[in-house]
Amino acid sequence: MFGCNKKLKFLSTTVFSRPRFITVLPSSLLSTANPSVSFTKQAHACIVVSGLHGNASFLGHLIALLALCPSTPLEYSFAIHQTINNPPVFMSNNMIRCIAKSESPRKSLVFYSDSILRSCARPNNYTFTFLLQACSKSLGLCEGVQIHGQLLRLGFGQDVYVKNALIHFYSCCCKVESSKKVFEESPQRCDVVTWNVMLAGFARDGELSAAENLFVEMPERDVVSWNTMIMAYVHNGKLEESLDCFRRMRECGLPPNEATLVTMLSASAQLGLLGHGRMVHSLIDLFNIPMTVTLGSALLDMYAKCGCIEQARIWFDKLPRRDISTWNVMICGLASHGLAKEALALFRRFLNEGLCPVNVTFIGVLNACSRAGLVKEGWRYFRLMGDVYGIEPEMEHYGCMVDLLGRAGLVSQAVEMIESMDLSRNPVLWATLLCACRIHGLEEMGQSIGHKLIQLDPTYDGHYVQLSSIYAKSKKWEDVVRVRKLMVERNTCKVTGWSLIEDQGMVHRFVSGDREHKRSLEIYKMLERIETRLAEAGYTPNIVSVLHDIGEEEKEIVIKVHSERLAIAFGFLVTSSGACIRIVKNLRVCSDCHEFSKMISRVFEREIIVRDVSRFHHFKEGKCSCADYW
DNA sequence: CTAGGGTTAG
């Protein structure tokens, strides 16, 4: 019934039958790893029954115990605290700690002035550590600055815990300069945590090079230092650097922990590196790291984002514990692979288990509906979200709905939705519709939306390319040229398209027309051979498409070999016959490469899995899982 | 007697 029965038994025997050992009781209680409120209540009952309820020390420990519980009703600790007149500072400190951990950490400052200052009790280094925690959490900059002044006056400025809390506090409140000041004041009075909080401060502030320099300077690095550095890379989009940092950590022989692996799984997932992700997976067992909900969710996410949706599913069923996030990862994963039926079935199971969906859950559900063209169901879930679960739709939900309607050819309904919701300044929604117009051949509508888009978002070249391809489809060549000229004149920002493929733990990234790879010669030869075979099988590249209907990847009018083909050709060089080829792209697949991949999957009996910027394409036996809509 | 830093999902 209770997780801590053994401890409780020990407690009661101590209290009732061996009162001379009573002072042992509190410390043995506090050694409890994960106290629960119910356990603490029983301890409380024992204390009361044995007539010790006036003992401030016991009750202080009880409050300390409550501070360690994952969620405690504050009233409970308050009630205990109030039973003691002139509570000792030890008790008040733990009370502050409780409040700091609660949902309303700001109250700890009120408590501090009411309880400690008013009673003229002397706060100590613990008091300030907890108070600063509260300020960090509630972003109470002004209050924290006052606390800082007070603790300096009372002479706690050199306490290492207080100092670390201060550095942490300033960096939480976006005042890294102040953190740095505190950090640099007395360098001899610091420990590895001091360095770590400073490191995290730079990372939080996006000062990656400052973080790197500090990391190099550190006299010693523990697992948190490495984790902080690795996360700094991941959060700043330096995914390959994070992999490299992890490699260096492993070379140091320092064992990774859960946080390390969660971050590395996330990095592998974002990059789409299945091999790397699998390697990280194997470390979970190697280091005996318990499969927590967080780790499990990160693992599923890695498999789903690396194209192994079956593996994700297998692990989903195997996981010892799941929470809402785990379900979200799985539902969204299935949807991104176009497995709409499975995603919706899982969602129904989710509801049957009595779980409450959140906004992300509905993004997965609506995405699934959109991929399967389930207009009616999409609307139903969209309404269910607000009516039953009270979730206000966000931009992403509208995005799914616009995609759903556009895909079904109901472009005017989608336009209506965008305009009635006053979302007409959002380029992403219009871009989704432009895509629908292109696919459904709605040229007039496409042209008008295209012009709206380049007005709304004139700096992104993808819109110009889309618009020009719509004109190309209607053979309006002057307009094609006009739009392209406009794009050049406006000096739009280009995102260089690339395709990535992993081989033997190495990442090979290709750009359009790439000749940099050391096996470039072989790659082009292989590509030629592939193209010959495809031509024999009846694949003819669409000349109009090559010249004009080019995907976002193609930024110049010059015809170059798309990066995706180079990656595929390289895939043929390094994988054994019949093995699946996995590609990750940072942009959308162009229609010509899409055809090309479909043909390859048939002619060479090769499965190709391409991760696009927004979805997966599984090419198999001449067909694609996206059913030619993307 | 009590204390600190780092974590997932669209």
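Below, chains carry the letters A, B, ... as their sequence lines are ordered, and counting in each starts from 1. When reading the values below, keep in mind they use all heavy atoms of this one structure, side chains included, and skip hydrogens, waters and symmetry mates.
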| said: Is the distance from the ring center of A:Trp327 to that of A:Phe347 below 6.0 Å? | reply: no
| said: Any base atoms under 4.0 Å from A:Arg615, or only sugar-phosphate, or nothing? Heavy atoms, all strands. | reply: nothing
| message | Counting the atoms with a prime plus P, OP1 and OP2 as sugar-phosphate, which does A:Val329 contact under 4.0 Å by heavy atoms, base, sugar-phosphate, or nothing? | response | sugar-phosphate
| field | Atom-pair distance (CG on A:Leu151; C1' on B:dA3), nearest Å | value | 14 Å
| message | Could you tell me how far apart A:Leu132 (CG) and B:dT2 (P) are, to the nearest whole angstrom? | response | 20 Å
| query | Between B:dT8, B:dA3, B:dG6, which one does the side chain of A:Asp159 approach most closely? | reply | B:dA3
| query | Under 6.0 Å between ring centres, would you say that holds for A:Trp226 and A:Phe215? | reply | yes
| message | Counting only side-chain heavy atoms from C-beta out, which of B:dG10, B:dG6, B:dA3 sits nearest to A:Tyr161? | response | B:dA3
| message | Please report the distance, rounded to the nearest Å, between CZ in A:Arg322 and C1' in B:dA9. | response | 16 Å
| said: Tell me the interatomic distance from A:Ile167, atom CD1, to B:dG6, atom C1', rounded to whole angstroms. | reply: 16 Å
| task | For A:Asn93, answer base if it contacts any base atom (sugar-phosphate contacts may also be present), sugar-phosphate if it contacts only those atoms, and nothing otherwise; contact means non-hydrogen atoms under 4.0 Å. | result | base
| message | So A:Thr228, base contact, sugar-phosphate only, or nothing? Heavy-atom distance under 4.0 Å. | response | sugar-phosphate
| Atom NE2 of A:His337 to atom P of B:dG10: distance rounded to whole Å? | 11 Å
| Atom pair distance, as rounded to whole Å: CG in A:Leu404 and P in B:dG10 | 20 Å
| Centroid-to-centroid, A:Tyr161 to A:Phe156, below 6.0 Å? | no
| message | Counting distance alone, no hydrogens or angles: does the base of B:dG10 have a donor or acceptor under 3.5 Å from a partner atom on the side chain of A:Asn359? | response | no
| Are the aromatic ring centres of A:His281 and A:Tyr303 under 6.0 angstrom apart? | yes
| Taking the side chain of A:His61 as heavy atoms from C-beta outward, which of B:dT7, B:dC1, B:dG6 is closest to it? | B:dC1
| said: Can a side-chain donor-acceptor contact be found between A:Arg97 and A:Asn93 if the only test is distance below 3.5 angstrom? | reply: no
| query | Atom CE of A:Met330 to atom P of B:dA9: distance rounded to whole Å? | reply | 16 Å
| Residue A:Glu394, side-chain heavy atoms: nucleotide from B:dA9, B:dT2, B:dG10 that is nearest | B:dG10
| note | Ranking B:dT7, B:dA3, B:dA9 by distance to the side chain of A:Glu258, first place goes to B:dT7
| task | Using only side-chain N and O atoms of A:Lys305, determine if any of them is under 4.0 Å from OP1 or OP2 of B:dG10. | result | yes
| task | Return the nearest nucleotide to the side chain of A:Asn257; candidates are B:dT7, B:dT2, B:dG6. | result | B:dG6
| query | Just by modelled atom types, is the A:His168 backbone N or O under 3.5 Å from a matching donor or acceptor in the A:Ser171 side chain? | reply | yes
| message | Of the options B:dT2, B:dT8, B:dG6, whose atoms approach the side-chain atoms of A:Ala200 most closely? | response | B:dG6
| field | Gap between atoms CZ and C1', on A:Arg97 and B:dC1 respectively (whole Å) | value | 13 Å
| query | So what does A:His397 hit on the nucleic acid, given a heavy-atom distance under 4.0 Å: a base, only sugar-phosphate, or nothing? | reply | nothing
| Where A:Pro256 and A:Leu261 come nearest, the two heavy atoms and their spacing | CB-CD2, 4.0 Å
| said: Using the side-chain heavy atoms of A:Asn227, tell me which of these nucleotides is nearest: B:dG6, B:dT2, B:dA9. | reply: B:dG6
| query | Using a cut-off of 4.0 Å on non-hydrogen atoms, how would the nucleic acid contact of A:Val360 be classed: base, sugar-phosphate, or nothing? | reply | sugar-phosphate
| Below 4.0 angstrom from OP1 or OP2 of B:dA3, is there any side-chain N or O of A:His168? | no
| field | Residue A:Thr129, side-chain heavy atoms: nucleotide from B:dA3, B:dT2, B:dA9 that is nearest | value | B:dA3
| Between B:dT8, B:dT7, B:dA9, which nucleotide has the shortest distance from any of its atoms to the side chain of A:Ala259? | B:dT7
